[in-house]
Colleague: 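The structure is given below, and queries will be raised subsequently.
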Number of protein chains: 2
Amino acid sequence: MERIFTRRPSMRDVAEASGVSAQTVSRVLSDHRNVKETTREKVLAAVEKLGYRHNNTARALVTGRSKTLGVLTLATKNYSRASLSLGIELGARDAGYTVNSVTSTMSLKGLTESVSRLLLQGVDGIILASPFREAASTIRRLTAGIPTITMGGSAGTCNGSVGIDQDQAAELATRHLLELGHKTVWHIAGPREWSDASLREESWRRTLIEAGCLLPPVLYGDWSPSSGHRNGLILGTNPKVTAILVASDEMAFGVIRALTELGLHVPKDVSVVGIDDIDLAAYSTPPLTTIRQSFEETGRRAVQHLVGLINKPGMTNLSSMSAPTLIVRGSTAPPPADWASKVCPKPHRQDCV
Amino acid sequence: MERIFTRRPSMRDVAEASGVSAQTVSRVLSDHRNVKETTREKVLAAVEKLGYRHNNTARALVTGRSKTLGVLTLATKNYSRASLSLGIELGARDAGYTVNSVTSTMSLKGLTESVSRLLLQGVDGIILASPFREAASTIRRLTAGIPTITMGGSAGTCNGSVGIDQDQAAELATRHLLELGHKTVWHIAGPREWSDASLREESWRRTLIEAGCLLPPVLYGDWSPSSGHRNGLILGTNPKVTAILVASDEMAFGVIRALTELGLHVPKDVSVVGIDDIDLAAYSTPPLTTIRQSFEETGRRAVQHLVGLINKPGMTNLSSMSAPTLIVRGSTAPPPADWASKVCPKPHRQDCV
DNA sequence: CCAATGATTGTTATCGATAACAATATGGAT
DNA sequence: ATCCATATTGTTATCGATAACAATCATTGG
């Protein structure tokens, strides 16, 4: 740490300073067993003195391992992306990897470009945290030859797949509402292109059919609170709606807001269930009943699988789904007692502010 | 794309396949001007045929430029981190860089370790998106010799600093409440270690003093909704509290929830202002008055500055702050008219569910 | 005492690209 | 025709590490 170099010191500098060969320095730094204690000390002293730091680029070139994982996410700032990224980063750190993240738009072109950029950077493996249904085959072709984990997609898309069981998530939520006594459950779904969204929608539909309920038409949002609000205004004016399953908590906030503006009470008039259990879900008015998905833990698991895949390229199609849980809070209740008989008042818009 | 290689094709393979030297291939791929059109075509054809892709590792080794930016964030999943990361990633993409992100805990040890990891990876520059006051000098020493941008920190910490004017943010919010007629404004601050939090707190204090108001004691949260809830329960039982400035929207949600549970009405009994303008702020009940900060845009700007710094290492201490704006929604109103005279009822806890 | 084994260190080649320099060809201008 | 500037291509060295192999030394068993 004493002298200032124009360039950073290299192994060779350390080697000269400690009177050994570069190879020995390399051995010391990678904890090779057969190094005499005295040389180890000499080398480490020189390392300290010169302020030497490993050059990962050079190592990556010769070993073919960059110790970097590529992560592809969609350019959104919603809760699931944030906590998934966090989990991936923590997992990567524990596994001795760093994360190279790129964002992409939800289009074939955008995805292709982003994957290429990761490949260019020489990552050791890729986590596709962008469940885009259409792109499966294209992406499979692009990522051929490099370990890849797909998140949330239906199993079998790529080498491996990690996620949360979406079938179960939507089923739990739907059943909860039915068990409260609702005749049926309406659904505000996420964008069709997202595999998670369509899996939830499918499972909601199946659950209703199995229970012998009428199947209401589906409304679609884009994960944003405002799209939830828009759809909430539509459903709120329909007196037959007593229970709504919203595909994400963020949209559910918008739905509850819309219902409140229409003068309806949640959950007395309408019950609302979200999915995700974002940090804010417990603090809305009323607190949101939702399905908890541990994105962070899922991210960590994805990294573990990917690292496994990197080290043993043999294994393919391993996949692991974790189970979501129902968190009952204040936004769900039995349907209004007088529901069948009551005259439905024409709802009016009303600001509660 | 026809044959399957055990290893990826290199420039040499392309060179042989197209009958030129490796250097010429390099020239073609980096758009060098002096290359004959016919050779360019030959080379590009071979590139296509072999499915060649640049090896950035090798290039980084020889050029000393990895075209990668390191980003250090704290291990949280709140809105500001998510949208800041997004802005940084988009900015980096536009500038032809990729992003290597590491998360860190809020401790000197954690930060040091994380910065080292970035340095090891050979990033061209670093964005410190973790405004940790204490660590300034340590980090300055660690990042000596590599372009670095500090976000949100007070100016002068490192080479450059980019952020949002926190003084202005807290002042806008406080003034808004005072102008509505509140005698004073209470404050739930963020953790003291965060420079953003302490800047906001300072500015709130200054604004109150300048306006000749009484200075209430500060409460501290940790950015989480639950810490807001905890502090909200405290302030809600104090009848003197009519206006609260909460250091983040997420905590503000917790505060509003707590006040509601105490049977208080927001904003009739108590006004609440948040900071950030998260996507959900417009959809709470009541919708949240807050200070908008464009994190995404700030992230992009940080990248631009950093890239400038990388290309012209001369410039130092450039810094740029953007202005926040006040967004008035439904959570603020004049104080209760009978405030001075009314007998304050002992608030009771009441679940609205 | 010698061969064999294992510990310890050094030498050389290599990863895949680009920089710097060298060489050749081409096209006017003189 | 000669020479210089420019266009085009090739050669060699290099970035900073590790792998593979070679060499030396000490120790142990026969």
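Quick note: numbers below take in every heavy atom, side chains included, and nothing from hydrogens, waters or symmetry partners. Lettering of chains follows the sequences in order, A, B, ..., and the numbering in each one begins at 1.
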Colleague: Measure CD/Glu41(A) against P/dT9(C) and give the value in whole Å, please.
Modeller: 12 Å

Colleague: The test is side chain to side chain contact (heavy atoms under 4.5 Å, CB included); show your working for Val28(A) and Lys42(A) and say whether it passes.
Modeller: CA-CA 10 Å; Val28(A) 169; Lys42(A) 261 193 312 189; over 6 Å; no

Colleague: Give me the one residue out of Leu118(A), Val99(A), Val303(A) that meets side-chain contact (heavy atoms from CB on, under 4.5 Å) with Ile127(A).
Modeller: Val303(A)

Colleague: Over all strands shown, is Asn34(A) touching base, sugar-phosphate only, or nothing at heavy-atom distances under 4.0 angstrom?
Modeller: base

Colleague: Please determine whether a side-chain nitrogen or oxygen atom of Thr39(B) lies at a distance below 4.0 Å from atom OP1 or OP2 of dT8(D).
Modeller: no

Colleague: What is the distance, to the nearest angstrom, from the CG atom on Asn55(A) to the P atom on dC15(C)?
Modeller: 18 Å

Colleague: Atom CZ of Arg65(A) and atom C1' of dA19(D): how far apart are they, to the nearest Å?
Modeller: 15 Å

Colleague: Decide whether Arg81(B) and Thr73(B) meet the rule of one side-chain donor and one side-chain acceptor closer than 3.5 Å.
Modeller: yes

Colleague: What is the distance, to the nearest angstrom, from the CD atom on Gln23(B) to the P atom on dT11(D)?
Modeller: 11 Å

Colleague: Tell whether Arg27(A) reaches the base of dG10(C) with its side chain through a donor-acceptor pair below 3.5 angstrom.
Modeller: yes

Colleague: Would you kindly give the CD-to-P distance between Gln121(A) and dG16(C), to the nearest whole Å?
Modeller: 17 Å

Colleague: Between dT8(C), dC15(C), dC15(D), which nucleotide has the shortest distance from any of its atoms to the side chain of Leu61(B)?
Modeller: dC15(D)

Colleague: Contact class for Thr24(B) vs. all strands (heavy atom < 4.0 Å): base, sugar-phosphate, or nothing?
Modeller: sugar-phosphate

Colleague: Whether His32(A) contacts dA19(D) is assessed here as follows: a side-chain N or O lying under 4.0 Å from the phosphate OP1 or OP2. Is that the case?
Modeller: no

Colleague: Closest approach of Leu142(A) and Ser116(A), non-hydrogen atoms and distance?
Modeller: CD2-OG, 4.2 Å

Colleague: Rounded to whole angstrom units, what separation is found between the CZ atom of Arg8(B) and the C1' atom of dC15(C)?
Modeller: 15 Å

Colleague: Base, sugar-phosphate alone, or nothing: which one does Ser30(A) contact when heavy atoms must sit under 4.0 Å apart?
Modeller: nothing

Colleague: So, is Ser21(A) near the phosphate of dT9(C), with a side-chain N or O under 4.0 Å from OP1 or OP2?
Modeller: no

Colleague: Nearest-Å distance, CZ (Arg59(B)) to P (dG16(D))?
Modeller: 18 Å

Colleague: Go through the side-chain N and O atoms of Ser322(B) and Arg301(B) and say whether any donor and acceptor fall under 3.5 Å apart.
Modeller: yes

Colleague: Between Arg33(A) and Ala58(B), just flag the one whose closest nucleotide in DNA chain C comes earlier from the 5' side.
Modeller: Arg33(A)

Colleague: Counting any heavy atom closer than 4.0 Å, what does Arg12(A) reach on the DNA or RNA strands: base, sugar-phosphate only, or nothing?
Modeller: nothing

Colleague: Tell me the interatomic distance from Met11(A), atom CE, to dA19(D), atom P, rounded to whole angstroms.
Modeller: 10 Å

